[in-house]
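What follows is a short report on a single structure.
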Amino acid sequence: MSRRRQQNRDDEDNGFAEWGGYMEAKKAKLREQYKETTAKEVEKLSDIFTGVSILVNGLTNPSSDQLKLLMAQHGGTFHLYQSSTTTHIIASNLPNVKINKLGSVPIVKPSWITDSIALNKLLDYKRYLLYTNQTTTQPPLDFPVVAKTASDPHFLEEFYSNSRLHLISTLGAEYKQFISDLREKPRDFPGRVKLSHVPKTGAVPQTPVVMHIDMDCFFVSVGLRTRPELRGLPVAVTHARRAQLNPNKEREETVTLNMDRMPEGVELRMIDGRSSMSEVASCSYEARKCGVKNGMFLGAAAKLCPQIKTIPYDFEGYKEVSMVLYKTLASYTLNIEAVSCDEMYVEVSDLLKSYDLSVEDWANHIRDEIKTATGCPCSTGFGSNRLQARLATKKAKPDGSYYLKPEDVESYLAEIALADLPGVGYATLSKLKSLGLETCGDVQVASLGVLQRELGAKMGETLLEQAKGIDRKPLNYTHERKSVSAEINYGIRFKTINECYNFLESLGNEVWSRLNEIKMRAKTVTLKLMIRAADAPLETAKFLGHGLCDSVSKSQTLAHHISDVKILHREVRTLYDKMNVNYAELRGLGVQLTKLEKLAPINPTLSNFLQQESKKIQPTGDKTASRGRELVRPPSGEKVATRGRPRKNSKGQKNSLSNFFKNKKEITGQNKSVEIKKAEVDLNVLQELPPEIRAEIIKEYNLETPAPKPPLESPETAPPAKKSPFSGLNWPQLKPILYKWLQSEQKPDNYDVVLLGEHFRQSAITRDIDWLPTAMNFLYRNFAQMNCCWHKAYHKIVDLVQQGMVARYGGTLLIKRDFDCLNCF
DNA sequence: ATCCTCCCCTAC
DNA sequence: TAAGGTAGGGGAGGAT
């Protein structure tokens with residue numbers, strides 16, 4: 001897979017701009033071409049973009065899809081996520097580009113692609129840079145760095161951007177959060193108007209009705225939206241394109257070696273040294289007819305079904321379709337329990353009653369709407385509890401619906417295979433088989449004691465109930481996280497101990513940043529290792545897989561929750577060292593955090609204290625006091641929920657800095673991996689801040705720049721000081737609030753720090769400074785006791801005070817600055 | 001009894 | 001080549 005040296009680097013494009021009309025016509029033709037070819041197999045037209053790998057950011061013209069096709073036609077590569085092999089970012093709009101994330105990869109306008117194609121040669125991208133102070137050297141295209149194993153610093157990123165299981169997990173969690181968040185606010189249901197026009201053909205059920213929706217072979221269906229010619233054929237989504245690999249003696253030996261260790265009947269027996277071991281993420285029903293199953297190796301699938309067609313992953317497509325699915329349902333009700341990106345339970349009893357619908361009327365309507373909106377088929381199952389609904393879906397599939405009525409439950413259940421019960425997997429099934437049990441009917445008449453002896457108390461009991469169609473667990477609409485973990489069991493082949501340590505640190509950073517995203521802290525760290533089994537061959541059958549392993553874990557619970565990523569790193573490392581494992585034998589690593597506690601709402605921020613305290617002090621005080629609780633609102637699902645628009649600011653709240661941020665992200669001094677997402681900002685308040693503070697906040701929170709307002713400096717002409725939420729409090733009143741703040745927070749919230757510093761600065765500007773030296777002394781003494789984050793916060797406040805002093809008096813106050821802290825410098 | 005740690009199992 | 005993650009339920013067995 002060597003890449004040819006790129007041709008035509010020199011500026012041979014001088015004067016091409018004069019070709020305006022010609023170029024436009026060419027581009028229009030390209031767009032036409034796109035329309036014609038999307039449905040067909042991609043035809044190779046040139047090699048212009050050999051060695052070029054693009055990532056499209058934001059909306060572009062041509063669209064991302066069109067660029068993807070163009071790259072395929074002209075020898076380039078299209079990335080859905082940035083990886084170490086991405087050579088160019090394509091973007092049209094500066095605000096859409098999160099520059100800090102993109103690193104040194106040049107950001108180029110899409111016309112670079114279309115112009116290059118029009119001229120049939122690779123033009124110099126420098127002329128197409130989206131903005132100017134970028135790198136102008138061509139990226140090294142000849143020897144691309146591919147993050148192959150966990151020894152590479154970019155491995156984690158690279159791996160995640162290709163992992164279907166990672167995507168499934170993260171999307172599932174996001175939709176749970178999405179529904180939780182939507183339920184926080186009162187909401188209307190615009191979809192319901194459509195229900196009045198639905199033809200009424202049956203009786204409204206008088207018993208509770210739970211619906212289970214499941215998309216049919218989700219990944220395949222999404223892929224077939226743009227490949228209609230493959231409908232009706234056996235199709236599988238895999239990374240590999242071909243089931244047969246090129247001959248390779250060494251590999252064949254490795255596979256044979258591994259097969260010898262595998263027990264009879266294991267799927268590995270179906271493959272040989274030339275079979276692809278890429279996993280089937282999803283397969284069409286036509287493929288299932290031949291015995292192909294999700295999770296099977298492609299090589300094995302092709303043995304069962306030689307005509308099988310493979311299609312690549314489309315992670316963006318899965319996200320889009322599942323969002324449409326959830327939004328469609330959420331426009332009718334929020335009594336939804338999200339299961340995963342393509343599956344959910346919905347309580348529909350009330351909806352059916354309110355709109356006089358039979359189960360069938362509703363099922364037809366909603367399935368039709370989902371199909372129209374997503375282009376993908378789904379199946380629905382109905383029953384009087386989640387178990388019945390789920391079992392009904394089995395019968396409904398594919399592309400159908402089934403209602404398991406209460407009176408049919410007993411006979412329907414009797415025929416159900418135990419393997420079809422949720423919670424019964426490979427291990428449970430074989431235990432049950434050893435008891436001679438195969439169907440729910442068998443279990444219905446089995447004794448509780450026998451089941452419990454074999455499966456345990458709880459499992460035995462639930463299985464007996466399940467076999468009778470009983471499910472006491474109600475739908476769970478909201479959701480509280482109990483653990484956060486990151487685990488990699490692929491590509492782990494360390495050559496030195498430091499590679500191992502570095503990777504543990506990446507995992508630590510990963511879980512830490514996920515923990516921050518959900519605004520939680522943890523007390524327990526668990527390290528999980530997969531170690532090559534003693535008799536397993538050194539190399540695995542699957543390329544860089546984990547092979548046969550022993551798995552061990554060790555945990556450490558701390559007295560207090562972990563306040564800093566460095567502490568986490570230290571704990572992980574200590575655990576690893578204690579486990580006394582040879583790094584070369586590692587095949588998998590995972591870091592898990594448990595004993596979680598909510599960070600923001602439980603530990604009130606300074607602003608919350610202020611709201612409460614000033615209420616006590618000024619019972620008739622200004623309106624800002626009553627708005628304190630707003631800040632306690634749990635974060636909204638940032639990635640999927642609506643966000644980002646400035647809240648309307650009704651009068652009377654204009655000066656409330658406490659109204660400034662909703663959903664702010666914690667800033668940590670140490671942890672650069674914490675991505676600061678756009679906060680919801682009250683732009684009016686932002687504009688009223690002095691320019692340097694404004695600039696800082698814009699920078700810190702990575703906001704788009706609002707239209708600047710004339711600075712309010714020049715003390716003589718400055719308008720009267722803004723009424724901050726602190727105004728009206730004298731120092732003796734403020735002091736205990738600050739003291740509480742110090743005790744309640746692990747780290748000062750950046751917003752609170754700026755808020756306080758700004759109050760001090762305004763005090764200086766309004767010549768209200770008698771108390772300032774005392775206050776600063778108080779802060780110095782108390783902040784000195786705290787960790788380095790507080791020291792930094794103190795310096796920020798001092799800077800703001802001095803700015804105010806200089807502005808008003810032309811000089812600075814004498815304030816102590818240096819802490820006896822090694823970390824600060 | 002109840003809790004904790006270290007597993008295993010399951011689902012998507 | 002290939003991208004074998006992640007959260008939750010729960011059991012065994014020891015500590016309290």
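So that the names make sense, note that chain A is the first sequence line, chain B the second, and so on, each numbered from 1. Hydrogens, waters and symmetry mates play no part in the numbers below; they use all other heavy atoms, side chains included.
No hydrogens or angles considered: a donor-acceptor pair under 3.5 Å links the side chains of A:His79 and A:Thr86. With no hydrogens or angles considered, a side-chain donor-acceptor pair links A:Ser379 and A:Asp216 at under 3.5 Å. Side-chain N/O atoms of A:Asp272 and A:Ser275 include a donor and acceptor closer than 3.5 Å.
The phosphate of C:dT1 has neither OP1 nor OP2 within less than 4.0 Å of any side-chain N or O from A:Ser278. Between A:Thr428 and B:dC9 there is no side-chain N or O to OP1 or OP2 distance below 4.0 Å. OP1 or OP2 of C:dG5 has not a single side-chain nitrogen or oxygen of A:Thr170 nearer than 4.0 Å. OP1 or OP2 of C:dA2 has at least one side-chain nitrogen or oxygen of A:Ser276 nearer than 4.0 Å. Taking only side-chain nitrogens and oxygens, A:Lys176 never comes nearer than 4.0 Å to OP1 or OP2 of C:dA7. A sub-4.0 Å separation between OP1 or OP2 of C:dA3 and a side-chain N or O of A:His166 is absent.
Within 4.0 Å (heavy atoms only), A:Gly172 reaches no atom of the nucleic acid at all. Residue A:Asn246 is out of contact with every strand shown, counting any heavy-atom pair closer than 4.0 Å. Using a 4.0 Å heavy-atom distance criterion, A:Ser161 is classed as making no nucleic acid contact. When heavy atoms are screened at a 4.0 angstrom cut-off, A:Leu544 is found touching no nucleic acid atom at all. Contacts of A:Ser340 with the nucleic acid, taken as non-hydrogen atoms under 4.0 Å apart, involve only primed sugar atoms and P, OP1 or OP2.
Distance A:Lys482 NZ to B:dC4 C1': 16 Å, rounded to the nearest Å.
By the 5.5 Å and 30° criteria, A:His546 is stacked with the base of C:dG4.
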Evaluate salt bridge (charged side-chain N to carboxylate O under 4.0 Å, His left out) for A:Arg274 paired with A:Glu252, printing each intermediate quantity in order. CA-CA 7 Å; A:Arg274 292 189 58 186; A:Glu252 284 175 33; 5.0 Å; no
